[in-house]
Engineer: 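Take this structure first; my questions come after.
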Amino acid sequence: MVDFEAALRAKLERNAELAQEREKAEEEMDRLAQEQAAARIRAEHERREAQMARHRKLVDALQAAANHLKAADPDTFVVRLGWTESRQEFIAKISTRQVHPARSLFVELDRDDDEVLVRWHSELGNALELWRLLEVQPAIIDQLVLQVADQDMWRGLDRAPAFPRLHEP
């Protein structure tokens, strides 16, 4: 009987050790899961901050380019700039007067949807382009606004011009 009691006591002690090991392993798994969740939250926050910074940068570039265009020739270019009521999208509409072909450029910088919507409306037709916000550089915005003013380019076209390429060589 002594052997049985010793064996039983050894099994019970081993069971207690295994229970402690399992509890420690579960605690470690919970800790790792919490660390991973915190890392995901940090990464999402950093991505969101980068997106917001890019949006601010593009808004500044669009405002500057459009205002320069308007200041250069206020009789030819009508510029409307502003935020939507939600303040999540910045919109610019640049139109021409007294030039042929008549044209307008509409640009929407949508921070929450991570998009840049660009649309030409002209006597030669319409064109639409949609880009990811983080892919667009301020130089693209400058090129778009310059296209509005490039009368020589428009004079030779039979349709709305091609949009600038995102990745110029």
Engineer: For Leu157 versus Met153, what's the shortest heavy-atom pair and its separation?
Structural biologist: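 So the two residues come closest at CG-O, 3.1 Å.
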Engineer: Evaluate the side-chain proximity of Val118 to Ile140: yes if any heavy-atom separation is below 4.5 Å, no if none is.
Structural biologist: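 Not in contact.
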Engineer: Can you establish whether the number of heavy atoms outside Glu44 located under 6.0 Å from its atom CD is more than 12?
Structural biologist: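 Above 12, so yes.
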Engineer: Give a yes or no on whether Arg80 atom CZ has more than 12 heavy-atom contacts from other residues, nucleotides or ligands under 6.0 Å away.
Structural biologist: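 Counting other residues, nucleotides and ligands, CZ of Arg80 stays at 12 neighbours or fewer.
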Engineer: Do Gln137 side-chain atoms and Leu58 backbone N/O form a donor-acceptor pair below 3.5 Å?
Structural biologist: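 Judged by distance alone, no pair lies under 3.5 Å.
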Engineer: Atom CD of Gln151 and atom OG1 of Thr76: how far apart are they, to the nearest 0.5 Å?
Structural biologist: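 So the gap between those two atoms works out to 9.0 Å.
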Engineer: Which atom names give the shortest non-hydrogen contact between Asp142 and Ala61, and what distance separates them?
Structural biologist: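 That would be OD1-O, 4.2 Å.
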Engineer: Taking the side chain from His55 and the backbone from Leu109, do they hold a donor-acceptor pair closer than 3.5 Å?
Structural biologist: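 Yes: the side chain of His55 pairs with the backbone of Leu109.
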Engineer: Does atom CZ (Arg97) have a neighbourhood of more than 12 heavy atoms from anything else shown, all under 6.0 Å?
Structural biologist: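 Enclosed: over 12 neighbouring heavy atoms sit under 6.0 Å from CZ of Arg97.
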Engineer: Quick check on the hydrophobic clustering: are Trp131 and Phe106 connected, directly or via other members, by side-chain heavy-atom contacts under 4.5 Å?
Structural biologist: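 Cluster IDs for Trp131 and Phe106 differ.
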Engineer: Does any non-hydrogen side-chain atom of Ile91 lie less than 4.5 Å from one of Trp83?
Structural biologist: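 They are not in contact (no side-chain heavy atoms under 4.5 Å apart), so the answer is no.
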Engineer: For Phe77, check ring-ring contact (aromatic ring centres under 6.0 Å, His included) against everything at least two apart and list the hits.
Structural biologist: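 Applying ring-ring contact (aromatic ring centres under 6.0 Å, His included) to Phe77 gives none.
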Engineer: When clusters are formed by joining ILVMFWY residues with side-chain heavy atoms under 4.5 Å apart, either directly or through shared neighbours, do Leu124 and Val148 land in the same one?
Structural biologist: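 Yes, Leu124 and Val148 fall within the same hydrophobic cluster.
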Engineer: Please test Lys57 against Asp60 for salt bridge (Lys or Arg N to Asp or Glu O under 4.0 Å), starting from the C-alpha separation and ending with a verdict.
Structural biologist: CA-CA 5 Å; Lys57 189 176 182 180; Asp60 292 346; over 6 Å; no
Engineer: For Leu105 and Val145, work out which heavy atoms get closest and say how close.
Structural biologist: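 In this case the closest contact between Leu105 and Val145 is CD2-N, 4.3 Å.
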Engineer: On a heavy-atom basis, which atom in Leu69 and which in Ala149 lie closest, and how many Å separate them?
Structural biologist: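 Leu69 and Ala149 have their closest heavy atoms at CD1-CB, 3.6 Å.
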Engineer: Would the distance check show the side chain of Arg54 and the main-chain N or O of Val136 forming a donor-acceptor pair, the cut-off being under 3.5 Å?
Structural biologist: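 Checked: pair present.
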Engineer: Should Leu62 and Val107 count as side-chain neighbours, where that means a heavy-atom distance under 4.5 Å?
Structural biologist: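 Yes, their side chains come closer than 4.5 Å.
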Engineer: With a 4.5 Å cut-off on side-chain heavy atoms, are Leu130 and Leu128 touching?
Structural biologist: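 Not touching, per the 4.5 Å side-chain cut-off.
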Engineer: Check Glu21 with Lys24, please: is the shortest side-chain N to carboxylate O separation under 4.0 Å?
Structural biologist: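 Here Lys24 does not pair with Glu21 in a salt bridge, since their nearest N and O are not under 4.0 Å apart.
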Engineer: Does Ser104 reach the side chain of Thr96, with side-chain heavy atoms less than 4.5 Å apart?
Structural biologist: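 Sidechains of Thr96 and Ser104: no contact.
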Engineer: Between CZ of Arg119 and NZ of Lys93, what distance do you get to the nearest 0.5 Å?
Structural biologist: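 Separation between the atoms: 8.0 Å.
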Engineer: Would you name the heavy atoms of Arg103 and Ser122 that are closest together and state the gap between them?
Structural biologist: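 Distance-wise, the nearest heavy atoms are CB-CB, 3.9 Å.
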Engineer: Taking side chain as C-beta onward, heavy atoms only, is His45 less than 4.5 Å from Arg48?
Structural biologist: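 In short, these two side chains do not touch, never coming nearer than 4.5 Å.
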Engineer: State, with a plain yes or no, whether a side-chain heavy atom of Asp110 is found less than 4.5 Å away from one of Leu133.
Structural biologist: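 Side-chain contact under 4.5 Å: no.
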Engineer: May I ask you to decide if Leu146's main-chain N or O and Asp150's side chain share a donor-acceptor pair within less than 3.5 Å?
Structural biologist: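 Answer holds: no.
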Engineer: Taking only Lys NZ, Arg NE, NH1 and NH2, and the carboxylate oxygens of Asp or Glu, determine whether Asp112 and Arg87 approach each other closer than 4.0 Å.
Structural biologist: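 Looking at Asp112 and Arg87, the cut-off is not met.
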Engineer: Does either side chain, that of Arg47 or that of Gln51, offer a donor lying less than 3.5 Å from an acceptor on the other one?
Structural biologist: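 Gln51 and Arg47 do have a side-chain donor-acceptor pair below 3.5 Å.
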Engineer: Between the main-chain N or O of Glu89 and the side-chain N or O of Arg111, is there a donor-acceptor pair closer than 3.5 Å?
Structural biologist: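 The answer is no, because no donor-acceptor pair under 3.5 Å joins these two groups.
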Engineer: Among Thr84, Leu117, Asp113, which one satisfies side chain to side chain contact (heavy atoms under 4.5 Å, CB included) with Glu108?
Structural biologist: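 With Glu108 as partner, side chain to side chain contact (heavy atoms under 4.5 Å, CB included) holds for just one option, Leu117.
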Engineer: Please find the pair of heavy atoms, one from Trp154 and one from Pro101, that lie closest to each other, and give the distance.
Structural biologist: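 Nearest pair, atom of Trp154 first, then Pro101: CE3-CG, 3.6 Å.
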